[in-house]
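Below is one structure, written out as structure tokens; the observations come after it.
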Amino acid sequence: MINISAHAKINLTLDVTGKLPNGYHELRSVMQQTDLHDDVLIDEGSKGIELEVMSESEGDGNNLSGALCHDMVPMDRRNIAYRAAEKILEEAGRSGKSCGGVKITLVKRIPAAAGMAGGSTDAAAVLTGINRFYEMGFSEEELCGMGVTLGADVPFCIKGGTALCEGIGEKMTSLPSPGSIPVLIAKPAIAVSTAEAYSLLDDADARGELIHPDTDGLVSLLRDGVGEDSDAASKISGFLGNGFYQVIGGLYPEIRDLCGEMIKGGAEGSLMSGSGPSVFGLFKDKTVADSLKKEMEVRYPGVFFYSGNLI
Ligand code: ATP
């Protein structure tokens with residue numbers, strides 16, 4: 001059996017730059033993985049694909065199920081991890097590589113429907129894990145080619161780290177890491193409809209009110225090697241921006257509150273990730289993030305908090 005860590009991402013910038021004729025939106029985003037992760041266990045199965053999904057928080061006696069949304073994660077073919085297994089087994093069959101059944105166990109820690117690519121990262125781990133377990137020998141590029149058919153964020157999750165993602169998210173340029181900056185993540189029990197988020201964003205754009213973050217500025221900062229700098233958290237925070245935060249934050253005051261509390265509590269910068277509802281804060285000092293987590297857990301019961309690092 002092998003265990004692959006499937007990491008959650010946050011968007012340091014997220015800019016919607018246009019709309020394609022097929023209705024998809026074009027994005028420019030600096031995506032960044034964090035050390036919050038699901039465990040994806042790959043083992044030999046008796047036949048076909050077997051999938052088991054567990055929530056690490058099960059039985060903790062906490063009341064976070066509304067925030068974690070792990071009960072929304074399907075256990076069948078609707079699970080993107082299952083479809084990833086189907087995809088790689090099909091490709092293997094086509095190229096004459098044979099293997100038996102596969103047993104996949106997902107140990108979920110990343111909240112679902114959070115804007116942290118929880119499903120895409122599991123799919124990426126399944127592709128990487130099955131390739132490794134059965135020594136199939138697919139290259140990273142080949143795995144990314146399979147991944148993009150499952151979801152636009154999957155190739156980023158395969159490569160990991162830090163990257164500029166463009167197009168619908170699938171055009172990726174790897175960037176130097178900003179270093180292991182402390183991050184506090186908060187996921188409230190709010191369900192944001194992605195369709196609604198895009199429609200509100202289109203309305204703001206039509207009114208000429210959409211804010212566009214300085215993604216190029218952040219890319220230059222990272223390329224200049226900010227990861228070596230003790231002020232990295234504060235320098236990166238100067239570039240944080242997300243068009244969705246503008247529209248979704250207006251709709252759900254709790255999202256804005258959580259960002260505000262992070263700043264008051266010592267974060268250098270704070271923002272919503274993806275189309276929400278997760279928010280994150282970047283810190284200079286991990287002990288400040290840890291103690292703020294403890295304090296906010298008391299003030300915001302039902303919100304999932306995680307204190308960790310960028311990777
Ligand atoms: P992104 O940031 O890529 O938009 P997200 O964090 O908003 O992703 P996911 O956690 O991927 O969203 O979940 C979106 C939906 O996908 C969930 O409502 C769930 O029903 C479904 N889903 C399918 N497979 C998975 C999986 N392995 N983990 C989590 N959700 C999954």
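Whatever order the structure lists them in is the order used to number ligands and atoms, beginning at 1.
At a heavy-atom cutoff of 4.0 Å, ligand 1 is contacted by the side chain of Pro74 but not by its backbone. At a heavy-atom cutoff of 4.0 Å, ligand 1 is contacted by no atom of Thr194, backbone or side chain. Using a 4.0 Å cut-off between heavy atoms, Asn79 contacts ligand 1 through both its backbone and its side chain. The backbone and the side chain of Ile80 each have at least one atom closer than 4.0 Å to an atom of ligand 1 (non-hydrogen atoms only).
Residue contact check: Arg78 has heavy atoms under 4.0 Å from atoms 23 (C) of ligand 1.
No heavy atom of His70 sits closer than 4.0 Å to any atom of ligand 1. Residue contacts with ligand 1 include Ala114, since one or more of its heavy atoms lies under 4.0 Å from the ligand.
The number of heavy atoms from other shown groups lying within 6.0 Å of CD (Glu209) is above 12. In the displayed structure, Glu140 atom CD is contacted under 6.0 Å by more than 12 heavy atoms of other residues, nucleotides or ligands.
Residue Ala112 has no N or O atom closer than 3.5 Å to an N or O atom of ligand 1.
In this structure, a donor-acceptor pair under 3.5 Å is absent between the side chains of Asp38 and His7. Side chains of Asp35 and Tyr306: a donor on one and an acceptor on the other come within 3.5 Å. In summary, the side chains of Thr17 and Glu26 do not present any donor paired with an acceptor at a separation below 3.5 Å, with no hydrogens or angles considered.
The protein atom (non-hydrogen) at minimum distance from atom 3 (O) of ligand 1 is Asp153 OD2, 2.9 Å. For atom 17 (C) of ligand 1, the nearest protein heavy atom (residue, atom name, distance) is Met72 CE, 4.0 Å. With respect to atom 2 (O) of ligand 1, the closest heavy atom belonging to the protein is Ala117 N, 2.9 Å. Given atom 5 (P) of ligand 1, the protein heavy atom at minimum distance is Gly115 N, 3.5 Å.
Taking each of Gly151, Ala113, Ala197 in turn, the one with a heavy atom nearest to atom 13 (O) of ligand 1 proves to be Ala113.
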Atom pairs and distances, donor-acceptor, side-chain atoms in residues 264-276, under 3.5 Å, two or more places apart:
residue, atom, partner, partner atom, Å
Lys264, NZ, Glu261, OE2, 3.2
Ser270, OG, Phe280, O, 2.9
Ser273, OG, Asn11, N, 3.3
Ser273, OG, Asn11, OD1, 3.4
Ser273, OG, Gly115, O, 2.9

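Judged by a 6.0 Å distance limit and a 45° cone about the ring axis, Arg109 is not positioned over the six-membered ring of Phe304.
Put simply, the side chain of Lys235 reaches to within 4.5 Å of the side chain of Asp229, judged on heavy atoms.
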